[in-house]
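A quick write-up on the structure given underneath.
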Amino acid sequence: MTSFKPVRKAVFPVAGLGTRFLPATKAVPKEMLTVVDKPVIQYAVEEARAAGIEHFIFVTGRNKSVIEDHFDIQVELEQTLRERGKAEALATLAEFLPGPGQTSFTRQQEPLGLGHAVWCARELVGDEPFALLLPDMVMQDVDGCLSSMVRLYERTGGNIIATEEVAWEETHKYGVVETGEAVDGGFQITGMVEKPPAGTAPSNLFINGRYILQPEIFAILSEHQKGAGGEIQITDAMARLMQIQKFYGYRFTGRTFDCGSKEGFVKANVAFAMWQPELADALRPEFEALIEQAE
Ligand code: UTP
């Protein structure tokens with residue numbers, strides 16, 4: 001059992017190439033594509049802030065500096081808004097901005113895999129537990145997935161993985177957990193399998209892109225073992241860490257949209273638009289007409 005330390009830092013790996021979204025992602029990072037009126041990355045940062053995270057660590061790559069600009073003040077823009085009396089727009093900008101000194105940026109020089117991206121954050125995280133949020137996975141939930149995970153972590157310690165129910169016939173597309181004994185607000189994880197062949201999944205709970213991990217993961221990642229697709233995978237490192245530390249699952253009951261895929265990205269845009277009453281009213285007849293036309 002590792003000694004309990006609070007989760008203060010979050011890592012956001014944003015160094016991927018986003019090839020599934022070309023040509024959109026040739027010059028614009030996929031994390032800056034917008035779901036209605038916010039870039040994808042902002043949803044994850046807001047979720048982390050709501051969970052009490054104090055330091056936001058971005059693992060970026062070439063052509064990603066616009067992400068750094070997004071989380072900084074924009075002097076000329078703010079000056080213009082002030083002169084024009086646009087108080088609401090100014091407040092919107094101020095609302096999501098982490099404070100001075102609360103962000104760090106490091107580079108993954110080559111996209112060698114998610115595990116490698118996380119390892120690049122090792123010096124910035126140091127010897128303490130951290131949250132890992134895959135920004136592509138955008139969550140629709142009032143309370144926030146990471147907040148609930150932090151509450152579970154405060155009871156259990158160890159490592160936490162968020163999971164979400166999926167239809168059994170879809171399990172072969174995801175990383176799936178094997179469930180053990182129930183604990184207050186979650187369950188023990190006894191194993192994990194990446195994309196299990198149809199009919200072999202140990203559960204229908206997939207890993208949805210939010211983790212709380214202990215710093216011992218870095219020693220495992222430092223071995224740079226390659227896994228599926230020749231990439232250094234975080235799932236492989238977690239499976240090894242599970243041999244020496246406890247892992248618990250949190251069952252998320254909101255909805256996750258995989259904005260790294262076109263289908264998930266479009267669904268997220270529709271869902272988040274329909275969540276805003278003024279947009280929903282305008283869009284509903286439009287959607288109904290489009291569906292009728294398609295039938
Ligand atoms: P993906 O598996 O979606 O890869 O990464 P990708 O390269 O971004 O996208 P495609 O498949 O080419 O379209 C999941 C998350 O891990 C990050 C990505 O930025 C994304 O947030 N990642 C992935 C890295 O930071 N570095 C890597 O080497 C790989």
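The analysis underlying the following values was restricted to heavy atoms, covering all of them including side chains, and did not include hydrogens, waters or symmetry mates. Ligands are counted one by one from 1 in listed order, and the atoms in each one are counted from 1 as well.
Using a 30° and 60° split on the angle between ring planes, F130 and F218 fall in the parallel class, below 30°. Ring planes of F96 and F71: perpendicular class, angle over 60° (limits at 30 and 60°). Between F105 and F58, the ring-plane angle classifies as parallel under the 30° and 60° cut-offs. Classified by interplanar angle (parallel below 30°, tilted 30° to 60°, perpendicular above 60°), the ring pair F272/W275 is perpendicular.
On a distance-only criterion, G16 and ligand 1 share at least one N/O pair closer than 3.5 Å. Geometrically, ligand 1 and G113 share a nitrogen or oxygen pair separated by less than 3.5 Å. For ligand 1, the polar-atom distance check finds no N/O of F21 at less than 3.5 Å from any of the ligand's N/O atoms. For a threshold of 3.5 Å applied to N or O pairs, the pair formed by V59 and ligand 1 contains no separation below that value.
Listed by number with element, the atoms of ligand 1 under 4.0 Å from a non-hydrogen atom of L112 are 28 (O). Residue contact check: E31 has heavy atoms under 4.0 Å from atoms 19 (O), 21 (O) of ligand 1. Each of the atoms 24 (C), 25 (O), 26 (N), 27 (C), 28 (O) of ligand 1 lies under 4.0 Å from some heavy atom of Q108. Taking every non-hydrogen atom of L17 and a distance limit under 4.0 Å, the qualifying atoms of ligand 1 come out as 6 (P), 7 (O), 8 (O). Close approach of ligand 1 to A117 is summarised as follows: ligand atoms under 4.0 Å from at least one heavy atom of the residue are 24 (C), 25 (O), 26 (N). Residue T19 has at least one heavy-atom neighbour below 4.0 Å for each of these atoms of ligand 1: 10 (P), 12 (O), 13 (O). Less than 4.0 angstrom separates some heavy atom of P135 from each of these atoms of ligand 1: 21 (O).
Protein heavy atom at the shortest distance from atom 2 (O) of ligand 1 is R20 NH2, 4.3 Å. For atom 25 (O) of ligand 1, the nearest non-hydrogen atom of the protein is A15 N, 2.9 Å. The nearest protein atom to atom 4 (O) of ligand 1, hydrogens excluded, is given as K30 NZ, 4.0 Å; this is a heavy-atom distance. Scanning the protein heavy atoms around atom 16 (O) of ligand 1, the nearest turns out to be L114 CD1, 3.5 Å. Of the protein's heavy atoms, D136 OD2, 4.0 Å lies nearest to atom 14 (C) of ligand 1. Looking only at heavy atoms of the protein, atom 21 (O) of ligand 1 is closest to P13 O, 2.8 Å.
Residue E286 qualifies as open at atom CD: its count of foreign heavy atoms under 6.0 Å is 12 or below. Counting heavy atoms of neighbouring residues, nucleotides and ligands inside a 6.0 Å radius, atom CD of E110 does not exceed 12 of them. Enclosure of atom CD in E181 is not indicated, since only 12 or fewer non-hydrogen atoms of other residues, nucleotides or ligands lie within 6.0 angstrom. Under a cut-off of 6.0 angstrom, the local environment of NZ in K86 is sparse, with at most 12 non-hydrogen atoms contributed by other residues, nucleotides or ligands. Counting non-hydrogen atoms of other residues, nucleotides and ligands closer than 6.0 Å to CD of E83 gives a total above 12. For R155, the CZ atom counts as densely surrounded, since its 6.0 Å shell holds more than 12 non-hydrogen atoms of other residues, nucleotides or ligands. A 6.0 Å sphere centred on CD of Q109 holds no more than 12 heavy atoms belonging to other residues, nucleotides or ligands.
At a heavy-atom distance under 4.0 Å, only backbone atoms of V14 (N, CA, C or O) approach ligand 1.
Using a 4.0 Å heavy-atom cutoff, P111 is listed among the residues neighbouring ligand 1. Residue contacts with ligand 1 do not include H116, since none of its heavy atoms lies under 4.0 Å from the ligand.
Ionic pairing of K267 and E263 is present here: one or more N-O contacts between side-chain nitrogen and carboxylate oxygen are shorter than 4.0 angstrom.
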